[in-house]
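Below is one structure, written out as structure tokens, with a few remarks after it.
All chains are named by letter (A, B, ...) in the order of the sequence lines, taking the proteins before the strands, and each is independently numbered beginning at 1.
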2 protein chains.
Amino acid sequence: MLRLTKKADYGLMALKYLAEHPEVVSVSAKDIADTYRIPPQLLAKVLQRLTKVGLLRSHAGMNGGYALSKPAGTISAFEVIHAIDGPLFITSCTKGSKGCDLEPSCTVKEPLARVNESIAGVLRSISIYDLVDHETAAQRAADASQLISLTSLTQ
Amino acid sequence: MLRLTKKADYGLMALKYLAEHPEVVSVSAKDIADTYRIPPQLLAKVLQRLTKVGLLRSHAGMNGGYALSKPAGTISAFEVIHAIDGPLFITSCTKGSKGCDLEPSCTVKEPLARVNESIAGVLRSISIYDLVDHETAAQRAADASQLISLTSLTQ
DNA sequence: GAGTATACGACCATTATTGTCGGCGTTCAA
DNA sequence: TTGAACGCCGACAATAATGGTCGTATACTC
């Protein structure tokens with residue numbers, strides 16, 4: 001069904017929240033979880049992972065919490081999803097270094113790898129900032145790829 | 001992890017196979033399954049589904065099997081995936097008609113819906129024919145969306 | 001009518017995701 | 001200096017999705 005995991009959703013929501021409240025020095029996982037009615041401990045784990053890869057900065061103790069480690073405009077949806085869900089492979093048979101199970105098997109893998117790159121490209125073009133302020137890159141990307149689709153179909 | 005299901009993979013592989021052998025009137029599920037070392041009954045189910053939505057034509061009995069119901073160039077990867085895996089939603093919370101569970105909850109849903117459209121667009125631009133003959137739409141789409149990504153990032 | 005094929009529903013096995021628990025280290029402020 | 005509020009982490013239980021199998025019915029060819 002090609003869908004994002006909830007964890008990735010939660011991560012994006014949290015980052016968006018942080019981007020929307022730049023005045024607050026640091027926000028606790030619990031605050032965000034309460035706002036969106038998300039399981040606090042699960043969100044905490046997600047945020048910890050985002051911290052580990054350097055997208056967030058954490059601060060323990062009283063009044064601690066999380067903050068973006070860089071401007072929202074420079075954090076792509078791709079980075080977030082990659083950090084939470086791991087490498088983005090559209091083909092189900094791509095596992096680490098070794099390819100498919102047998103011989104000439106997955107003949108669609110190579111072409112699909114390109115599709116994979118397309119999708120990764122789209123996700124790379126969306127920043128957390130774009131999630132906050134509508135009518136920007138997200139819209140442009142949608143328009144543009146709509147265009148690709150049309151030109152390809154009518155050839 | 002945003003990956004295709006194996007069923008969808010199998011479906012694409014089978015369609016590609018059929019597109020590669022236009023001379024054969026009809027190919028049995030078993031033949032294709034043997035070629036790619038896929039569980040025959042599982043592939044059979046996939047093909048049955050593709051038949052149901054009209055992408056394939058089936059023929060029972062001796063020398064029966066499946067055949068494309070229209071030119072490979074007019075069958076998009078999107079159709080195939082949609083037929084097998086159901087509607088393509090990137091957001092995990094989109095279930096049928098009703099939206100998210102609560103209030104202002106999923107604030108990322110709306111922007112992600114656009115990302116969803118972008119991806120659908122990419123998939124719509126890939127035909128089964130493209131899977132067979134490389135260096136065509138698949139490549140163009142990849143190039144183009146690479147371009148989108150770059151222009152968006154450097155703004 | 002025997003053999004080969006699709007069609008379809010029910011079902012189990014496996015894997016992935018989601019969510020929870022408990023203990024630990026850190027910070028801050030009373 | 002103690003305790004409340006917080007992040008950090010590993011393990012694990014619950015649930016859902018996927019992958020795969022089985023049995024039977026039906027259609028077609030020879």
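Enclosure of atom NZ in B/Lys52 is not indicated, since only 12 or fewer non-hydrogen atoms of other residues, nucleotides or ligands lie within 6.0 angstrom. When the shell of 6.0 Å around NZ of B/Lys30 is examined, it contains 12 or fewer heavy atoms from other residues, nucleotides or ligands.
The side-chain heavy atoms of A/Ile119 and A/Asn116, taken from C-beta on, include no pair separated by under 4.5 Å.
The backbone N or O of A/Leu55 lies less than 3.5 Å from a partner atom in the side chain of A/Ser69, making a donor-acceptor pair. At distances below 3.5 Å, not a single donor-acceptor pair connects side-chain atoms of A/Asp34 with backbone N or O atoms of A/Asp31.
Legend: residues meeting ring-ring contact (aromatic ring centres under 6.0 Å, His included) with B/His59, ordered by chain and number and at least two apart, are absent.
Protein atom CG of A/Asp34 is 14 Å distant from nucleotide atom C1' of D/dC6, rounded to whole Å. Atom NZ of A/Lys6 and atom P of C/dA16 are 19 Å apart (whole Å). A/Leu47 has its CG atom 13 Å from the P atom of D/dC9, to the nearest Å. If you take CD1 of B/Ile84 and P of D/dT18, they are 13 Å apart, rounded to a whole angstrom. Whole-Å rounding puts the A/Tyr10 OH to C/dT18 P distance at 7 Å. Rounded to whole Å, the distance from CG on A/Leu43 to C1' on D/dC6 is 14 Å. What separates CG of A/Leu42 from P of D/dA11 is a distance of 18 Å, to the nearest Å. With rounding to whole Å, A/Leu4 atom CG is found 15 Å from D/dA17 atom P.
Residue contacts for B/Ala29: at a heavy-atom cut-off of 4.0 Å it reaches the sugar-phosphate backbone alone, with no base atom in range. A/Lys7 comes within 4.0 angstrom of a base, heavy atoms only.
Under a hydrophobic clustering in which Ile, Leu, Val, Met, Phe, Trp and Tyr are joined whenever their side-chain heavy atoms come within less than 4.5 Å, directly or via other members, B/Ile126 and B/Val53 fall into the same cluster.
For the residue pair A/Gly11 and A/Ile84, the shortest heavy atom distance occurs at CA-CD1, 3.9 Å. The two atoms that bring A/Asp130 and A/Ser125 nearest to each other are OD2-O, 3.6 Å, heavy atoms only.
In the set D/dG19, C/dT20, C/dT18, the nucleotide with an atom closest to the side chain of A/Pro39 is C/dT20. In the set C/dG19, D/dT18, D/dG7, D/dT18 carries the atom at the smallest distance from any side-chain atom of B/Thr5.
Listed by residue number, B/Ser58, B/His59, B/Ala60, B/Gly61, B/Met62, B/Gly65, B/Tyr66 are the residues of residues 56-68 of chain B with a heavy-atom contact under 4.0 Å to DNA chain C.
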Heavy-atom protein contacts under 4.0 Å, nucleotides 8-15 of chain C, coded B base, S sugar-phosphate only, - none: BBB-----
